[in-house]
Structure formats: structure tokens, C-alpha cells
Amino acid sequence: MNGKSVLGAVAALAFATTAFAAGPHEAPVLDVVNGKLKAVLTDPVLVSAIKAQNAKTVSYSQADIDALDQKWRAEVDAGGGELIDETLQSAASKYLQKVRDDEQGLLTEVFVMDARGLNVGQSDPTSDYWQGDEAKWQKTFGTGGEAVFVDEIEQDESTQMLQSQASFTILDPETGEAIGAATVGVNLDMLDL
């Protein structure tokens with residue numbers, strides 16, 4: 001294969017990857033995130049909760065993180081428990097519940113994570129406590145900037161609602177430093193696609 005053929009093949013592959021990576025839901029979801037949610041999710045209640053948890057979890061080992069995640073998962077399976085209750089009753093979670101409710105069905109869930117990918121607060125219980133091993137944290141906090149990761153479309157089995165998660169870095173409004181990340185579930189049935 002000569003140089004021109006290699007470049008042509010690389011360009012074709014790049015075009016194909018770009019063309020199939022973006023779905024018709026991405027632009028409307030980005031509008032929701034950039035239009036309001038990024039600003040709403042830098043509220044002082046959330047920023048202080050994330051900073052406080054960062055100070056606490058900075059020294060956690062991977063074993064500590066895994067133990068918390070396992071405890072959370074066991075509590076989810078049991079229908080609740082101390083860690084879930086404590087998290088859902090926090091000021092940060094109460095704020096996120098209000099954010100979800102204020103959007104009148106547009107948002108299916110909202111949760112924020114610390115600098116390690118651990119849940120700080122959430123509108124609804126998540127299936128796990130540690131998000132640091134998932135794209136929602138790695139493709140946002142890991143980039144440290146303005147990146148928004150819009151995930152694939154999923155259909156909720158119980159509601160039959162189409163949704164997609166969008167995740168982004170939360171920056172400290174005072175310093176511009178990345179302190180955590182947020183994930184929002186967006187009800188695609190309420191958007192013009």
C-alpha cells in the first residue's frame with residue numbers, strides 16, 4: 001500500500017468512526033446540559049459537598065473504594081441500608097432531587113461524583129457507588145475540562161422510556177479546578193429528535 005492509499009484509508013476510517021459515533025440524540029442532550037445543567041450543578045451546596053468528600057477520600061486506597069462499592073451494591077440488593085440512606089438524606093442529594101423534579105420529567109436521574117469517582121449525592125439510588133471505572137467519569141473528570149460525554153440511547157424496561165446519560169466535569173467556580181463530575185439521565189421522549 002503506498003502513502004496515499006494509507007492516508008486515504010485512515011481518513012475513511014476516521015470519517016466512518018465520526019459518522020457512526022454521533023447519534024441524533026447528542027445535539028439535543030448537549031443543549032440540555034450546556035443550556036442549564038452545568039450552571040445549576042455548580043451550586044454552592046454541591047461544590048462544598050464535593051470538596052468535603054474529596055478531602056475525605058483523597059487517602060482512600062483502591063481496597064477502601066472497592067469495599068464501599070461492595071457495601072453499596074449489597075444495600076441496593078437488600079432494598080436499602082445505612083450508606084444509601086445517609087447519601088440520599090444529604091443536602092447534596094436533596095438539592096439534586098429538586099433539580100430532577102424541577103425539570104418535570106425531562107431528567108430521569110442526577111448524580112455527582114468526587115475526584116475519585118465516588119458518589120457524593122444523587123436524586124435516586126445508583127446501582128453502584130464507584131463510577132471511577134466507568135466512561136461517565138473517565139471521559140469527563142479524566143479530561144479535566146469542558147468535555148461532555150453523551151452515552152448511547154437506552155430503553156428503560158419498566159417505563160419503556162428512551163433515555164441517554166450525559167456526563168460532564170464539575171469545576172470549582174472560584175478556581176476553575178476540576179473537583180468532580182456529574183451524570184444526568186435525559187428522557188429522550190421529551191426532546192425533538
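Counting begins at 1 with the first residue of the sequence.
Looking only at atom types and distance, the side chain of Gln89 has no donor-acceptor partner in the side chain of Asp85 under 3.5 Å away.
Between Met190 and Gln104 there is no side-chain heavy-atom pair separated by less than 4.5 Å. Inter-residue side-chain proximity for Val150 and Ser164 is flagged as met; some heavy-atom pair is nearer than 4.5 Å. Within the 4.5 Å cutoff, no side-chain heavy atoms of Leu171 are placed close to those of Glu177. Side-chain atoms of Lys139 and Phe168, non-hydrogen and from C-beta on, never get closer than 4.5 Å to each other. A 4.5 Å side-chain heavy-atom check between Thr42 and Asp172 finds every atom pair outside the cut-off. Between Thr87 and Trp72, some side-chain heavy-atom pair lies under the 4.5 Å cut-off.
There is no path of hydrophobic side-chain contacts, each under 4.5 Å, that joins Val76 to Met113.
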Using the side chain to side chain contact (heavy atoms under 4.5 Å, CB included) rule, take Phe111 and Gln131 through it: C-alpha gap first, then chi angles, then the decisive distance, then the call. CA-CA 10 Å; Phe111 57 95; Gln131 315 301 325; 4.0 Å; yes
As a quick check of understanding, evaluate side chain to side chain contact (heavy atoms under 4.5 Å, CB included) for Val110 and Thr183, giving each step before the final call. CA-CA 6 Å; Val110 185; Thr183 295; over 6 Å; no
Side chain to side chain contact (heavy atoms under 4.5 Å, CB included) between Val186 and Leu107: does it pass, once the steps are laid out? CA-CA 5 Å; Val186 179; Leu107 301 181; 4.3 Å; yes
Determine, step by step, whether Lys94 and Leu88 satisfy the side chain to side chain contact (heavy atoms under 4.5 Å, CB included) criterion, reporting the C-alpha distance in whole Å, the side-chain angles of both residues, the deciding distance to 0.1 Å, and the verdict. CA-CA 7 Å; Lys94 296 290 187 192; Leu88 287 175; over 6 Å; no
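Separation of atoms CG (Leu30) and CG (Leu37) is listed at 11.5 Å; rounding is to 0.5 Å. In this structure, the separation between OG1 on Thr108 and CD on Glu103 is 12.0 Å, given to the nearest 0.5 Å.
A donor-acceptor contact shorter than 3.5 Å is absent between the side chain of Gln163 and the backbone of Ile153. Under a 3.5 Å cut-off, the side chain of Trp130 and the backbone N or O of Arg116 do form a donor-acceptor pair. Under a 3.5 Å cut-off, the side chain of Asn54 and the backbone N or O of Ala115 do form a donor-acceptor pair. No side-chain donor-acceptor contact under 3.5 Å links Thr169 to the backbone of Ala178. The backbone N or O of Arg100 lies less than 3.5 Å from no partner atom in the side chain of Ser123, so there is not a single donor-acceptor pair. Checking side-chain atoms of Thr57 against main-chain N and O of Tyr60 turns up no donor-acceptor pair under 3.5 Å. Distance alone, capped at 3.5 Å, places no donor-acceptor pair between the Glu109 side chain and the Gly185 backbone.
When each of Gln155, Glu154, His25 is checked for a side-chain contact (heavy atoms from CB on, under 4.5 Å) with Leu162, only Gln155 meets the rule. Test Val120, Asp124, Asn119 against Gln122 for side-chain contact (heavy atoms from CB on, under 4.5 Å) and you get one pass: Asn119. With respect to Val184, the side-chain contact (heavy atoms from CB on, under 4.5 Å) criterion is satisfied by exactly one of Val112, Val32, Val29, Val33: Val33. Partner of Leu96 under the side-chain contact (heavy atoms from CB on, under 4.5 Å) criterion, out of Val40, Val45, Leu41: Leu41 alone.
Between Lys136 and Asp151 there is no salt bridge, since none of the side-chain N atoms of the basic residue sits less than 4.0 Å from a carboxylate O of the acidic one. Asp114 and Lys56 are not joined by a salt bridge, as no carboxylate oxygen comes within less than 4.0 angstrom of a charged side-chain nitrogen. Salt bridge present: Arg73 and Asp69 bring a charged side-chain N and a carboxylate O closer than 4.0 Å.
For the pair Glu134 and Asp128, the tightest heavy-atom approach, listed with the atom from each and the gap, is OE2-OD2, 2.7 Å. What you find for Trp137 and Ala181 is that their closest heavy atoms are CD1-CB, 4.1 Å. The two residues Gly121 and Ser93 come nearest to each other via the heavy atoms CA-OG, 3.3 Å. Listed here is the closest heavy atom pair of Asp189 and Met161: OD2-CA, 3.5 Å. Taking every heavy atom of both residues into account, Phe141 and Ile179 meet most closely at CE1-C, 3.6 Å. Here the closest heavy-atom approach between residue Asp64 and residue Ser59 is recorded as OD2-O, 4.4 Å.
Within a 6.0 Å radius of CD in Glu152, other residues, nucleotides and ligands contribute 12 heavy atoms or fewer.
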